[in-house]
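Chain identifiers are assigned alphabetically (A, B, ...) following the order of the sequence lines, protein sequences preceding nucleic acid strands; residue numbering begins at 1 within each chain.
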2 protein chains.
Amino acid sequence: MPIERNAEHTRARILEAAQEEIYENGYQGMRIETILQKTQLAKGALYYHFPNKLALGYAVVDEILLEHVKANWSEFSSKYPNPLTAIQQLFLWKADVYKNEIHFKGCPLNNLNQEMASIDKGFHERLEKIMATIHGSIFAALEQGQQQGLVRKDINPGKIAMFIMASYQGIIGAAKCMQAPQLLADLFGTLNEYIDTLRTPA
Amino acid sequence: MPIERNAEHTRARILEAAQEEIYENGYQGMRIETILQKTQLAKGALYYHFPNKLALGYAVVDEILLEHVKANWSEFSSKYPNPLTAIQQLFLWKADVYKNEIHFKGCPLNNLNQEMASIDKGFHERLEKIMATIHGSIFAALEQGQQQGLVRKDINPGKIAMFIMASYQGIIGAAKCMQAPQLLADLFGTLNEYIDTLRTPA
DNA sequence: TTTTAAACCGACCACATGGTCGGTAGGCAT
DNA sequence: ATGCCTACCGACCATGTGGTCGGTTTAAAA
């Protein structure tokens, strides 16, 4: 069974393997040799699709992480009309997904951010763009909630959106550091209690 | 002016240089060559004091980071008798310290945690120990506050302590990712508002 | 069928990097 | 002064790693 000779597909496989490697070892810990092993490709193939290691790393951010975030968010914001509820449900879902992870590796986006944002400018620019996207989504949700009378009007949507995003990252990070994804339920629970205080009092 | 031949001092210089390197490039990005350059030592000196790179990394955690955290905390908890206020002041101080950083590199402890906790067991164990120390401090502060009637008695000190710690990390991380330490004031401000809700109502 | 270019192969290279080891100098006890 | 051990030197090694390049295969056009 010869592996299909399809450029797009090959490129996608490389990206996927690279994403996995970065997720497990960080960008600096990712080895192209390992990617070749995982994809059963030769070096020439990889360097045909990507000029160098850095470009591959960038591509993972642009084509995998960004899309993943967008998909995630749009799913929940369309499922739950109340924006605060959408955010809370997203958190609970994350807690549930990672609950039984044997080896919890955290959030791919946050990991890369922590590792590379202050080291490499290219990564920083790309990752900041994603962060801005997320922040913009939460911000818009809060503002929309205010207009609909669902969210208190005495809060600053920009600041609160940033805080929620930061707490989310922190929670994932803490659970990762402690290697204890079962903490996520409690932590997101506490965060969700805080989010409840943003609702318009009944 | 011959550099003093003092084993303890030399070892300390190596550790300091290593800490800086890790802070700037992560453990995986730290290079022995750079440390030798910074300390003006030869390779033999470094490998006389440390058996290998990993041991050096571990030593940085045990002898630099842990001590730094302990010193930080004890300073503020002794300066402010109200535990909640001590925590809040510590945050505001951090925001102020980093405010004008040109190239904000985040929190050394959090950085290493994010990078190595899920990769290397030795790092994980050591870093978790520090996290547990911090958590224990906040936990004790909250419990003590409850006994003194300063902190609401309907909250779970363990969970809240974990949440505060996670949020702290997240805030530092977010500011790092955005390369915007001026965000810290707002973010810690929001966190402190949350902490205010933990006080016993007047 | 022949041609052509995209897609892929894999041996090879340059060099960075962690680590070794025989040697040397400083300082302290005798 | 002499011996001796700690502290340090720096050339050298083994290996890992990103990257190159001439060549080969596949698929579709001519």
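- Contact between the side-chain N/O atoms of B:Y48 and the OP1/OP2 oxygens of D:dC8 is not found at any separation under 4.0 Å.
- Between the OH atom of B:Y47 and the P atom of C:dG18 there is a distance of 6 Å, rounded to whole Å.
- For D:dA7, neither phosphate oxygen OP1 nor OP2 lies less than 4.0 angstrom from any side-chain nitrogen or oxygen of B:H9.
- Within the 4.0 angstrom heavy-atom criterion, only backbone atoms of the sugar-phosphate kind lie near B:L41; the bases stay farther away.
- In this structure, A:P157 and A:E143 approach most closely via the heavy-atom pair CG-CG, 4.0 Å.
- When the P atom of C:dG18 is taken as reference, atom CD of B:E33 falls 8 Å away, rounded to whole Å.
- Neither OP1 nor OP2 of C:dA16 sits under 4.0 Å from any side-chain N or O of B:R31.
- To the nearest angstrom, P of C:dG10 lies 11 Å from CG of A:L36.
- Around atom NZ of B:K105, more than 12 heavy atoms belonging to other residues, nucleotides or ligands sit under 6.0 Å away.
- Spacing between atom CD of B:Q28 and atom P of C:dA16 amounts to 20 Å, rounded to whole angstrom units.
- Of the possible polar contacts, none joining the B:R152 side chain to the B:G149 backbone as a donor-acceptor pair under 3.5 Å is found.
- Annotation: of the two residues near DNA chain D, A:I32 and B:A45, the 5′-most nearest-nucleotide partner is B:A45.
- Across the protein-nucleic acid pair, B:Q37 atom CD and C:dT17 atom P stand 11 Å apart, rounded to whole Å.
- D:dT20 atom C1' lies 17 Å from atom NE2 of A:H49, rounded to whole Å.
- The aromatic rings of A:Y194 and A:F163 sit perpendicular, their planes meeting at an angle over 60°, well past the 30° parallel limit.
- Taking the six-membered ring for Trp and thresholds of 30 and 60 degrees, A:F123 and A:Y58 have ring planes more than 60 degrees apart, a perpendicular arrangement.
- Of the candidates C:dG10, D:dC9, D:dT20, C:dG10 carries the atom nearest the A:A42 side chain, counting heavy atoms from C-beta on.
- Distance from the side chain of A:K43 is smallest to C:dG10 among D:dC9, C:dG10, C:dG18.
- Taking atom CD of residue B:Q40 and atom P of nucleotide D:dC8, one finds them 14 Å apart after rounding to whole Å.
- Counting to the nearest Å, the P atom of D:dA7 and the CZ atom of B:R13 are 15 Å from each other.
- A:T10 has no side-chain polar atom (N or O) that falls below the 4.0 Å cut-off from OP1 or OP2 of C:dA7.
- Residue A:K53 has its side chain nearest to D:dG18 when only D:dT6, C:dC8, D:dG18 are considered.
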